[in-house]
2 protein chains.
Amino acid sequence: MPRFFMEHIDPASPRVVITGRDAEHIKVLRMRLGETFTVCDGNGTELLCTLTQSDGKTVYADVLEVRPVTSESTVPVHIYAGLAKGDRVDYVVQKCTELGAHDITFFHSERCIVRLDPKKSADAKLARLQRISEEAAKQSGRGIIPRVGYLDDYKGMLREAAQSQLKLFLYETGDRVSLQSAIRAVAPVQSAAVITGPEGGFTPEEAEAAREAGFAVCAMGPRILRCETAPLIPLTAILYETGNLD
Amino acid sequence: MPRFFMEHIDPASPRVVITGRDAEHIKVLRMRLGETFTVCDGNGTELLCTLTQSDGKTVYADVLEVRPVTSESTVPVHIYAGLAKGDRVDYVVQKCTELGAHDITFFHSERCIVRLDPKKSADAKLARLQRISEEAAKQSGRGIIPRVGYLDDYKGMLREAAQSQLKLFLYETGDRVSLQSAIRAVAPVQSAAVITGPEGGFTPEEAEAAREAGFAVCAMGPRILRCETAPLIPLTAILYETGNLD
């Protein structure tokens, strides 16, 4: 069933009016009068609607039901990923949204081979990634659109991420604990932050700084993961362990 | 470190000779004399080598060390995925190989919107997917190249998959157990088969046939997963639960 997000929903209103890109999308989908779709406020509530009128630019629908969204994880998992090249970031946003991440923040670290200029390229890039997040959120039936952000300061990123209860830093070498023991050491998990590196990984100093910030420095098995695949593993493991894949 | 697979390795030989695509790849990588790489026999043994001579078509290397491969999961996980369109199958092969699947078999089911003709298109398509598996196996440091196959008969696929000890059938509706309880019900896990559907999912009859074949019909959480993402979740969960992400 098609799904749309609208920031301002009046749950008391018997009707919704849709304009802009979503109205165009409804036209592209060739939805007919009487077909149903959901409209989500991105904040825990969704409306089951039926299409009553459309001129291609404005869509009117009757509200059949107002109900709470049940697709969100009980544990917010915040993804922090080293900024990577090309479509790797698209992939991270799409898959982490689909799997259930709460938000996705890219960051700059020493071995990043690309960097966003907060004054120039960052806004356009983030707007594009935010649209990928919205599309994936619609498709997977999410209750929120995960926010996509960028932090240019590694230490600042660590400070923000360290506010979560379960703190995982994925690192490919050295003294590490297993993902399983790190997750199970914090039970019940109430919130989680996962940090993964860019293509070139982290420097030993960056790993040490994460350890000092309270992160469990974890392995993810003996196989070498691409940077765009890495965030999916701890995200899946946390959702699995906390009963959010039931 | 670059990695290559060679079927016939003599572990007693002090030297290896590489020809064909791998020799060309070494040229493309601009590897210099003295640089190291690994050669894996795809069957549990790898050689640490150093480049001694290359003319672009033939590469000679000295063997520095013969050692067992340690990157394979202790539990073989066999992936069975409904055949999907376009690059979705590429993605399934690349990511499942990277994560550690033992092999990947696509199959035909009622709602598949593409089908391979065993007499025509299947060979070329599987050869291309097998190359994707090999590339991903090299990049992720695997000890085997996961075999990519295709089964045109759904019931035959069920019979083959049912030979594994842990049997998971991922289904989006109806009476299901959680992924966690299905995995934990079989402990210790010795082998696993995971079945996921094509774009349109399974019919109720197909799910019932899987149940009759001994499969646990499982949910994967309340979010709707793309067919190319679905296999990654149970694969990750099984590797996580069996200590193969340590």
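Because only heavy atoms are used, hydrogens play no part in the values below, and waters and symmetry mates are left out as well, while side chains stay in. All chains are named by letter (A, B, ...) in the order of the sequence lines, taking the proteins before the strands, and each is independently numbered beginning at 1.
- Remark: of the listed residues B:L225, B:L232, B:T229, B:T229 is the sole one forming a side-chain contact (heavy atoms from CB on, under 4.5 Å) with A:K95.
- Atoms CD and CD1, from A:E98 and B:I233 in turn, are 8.0 Å apart once rounded to the nearest 0.5 Å.
- In this structure the side chain of B:Y240 reaches within 4.5 angstrom of the side chain of A:I183, judged on heavy atoms.
- Heavy-atom distances place both the backbone and the side chain of B:L99 under 4.5 Å from chain A.
- With respect to chain A, the highest number of heavy-atom pairs below 4.5 Å among B:Q180, B:R176, B:M220, B:E72 belongs to B:Q180.
- Counted within 6.0 Å of CD on B:E7, heavy atoms from surrounding residues, nucleotides or ligands total 12 or fewer; the atom is thus considered open.
- The CG atom of A:L239 sits 11.0 Å away from the CG atom of B:L179 when rounded to the nearest 0.5 Å.
- In this structure, B:R142 and A:R223 have side chains that are in contact, with non-hydrogen atoms separated by less than 4.5 Å.
- With a 6.0 Å radius and a threshold of 12 heavy atoms from other residues, nucleotides or ligands, A:Q165 has its CD atom above the threshold.
- Between chain B and the residues A:S181, A:A182, A:G141, A:S140, the largest count of heavy-atom pairs under 4.5 Å involves A:S140.
- With chain A as partner, the option from B:G243, B:G221, B:S73 having the largest number of non-hydrogen pairs under 4.5 angstrom is B:G221.
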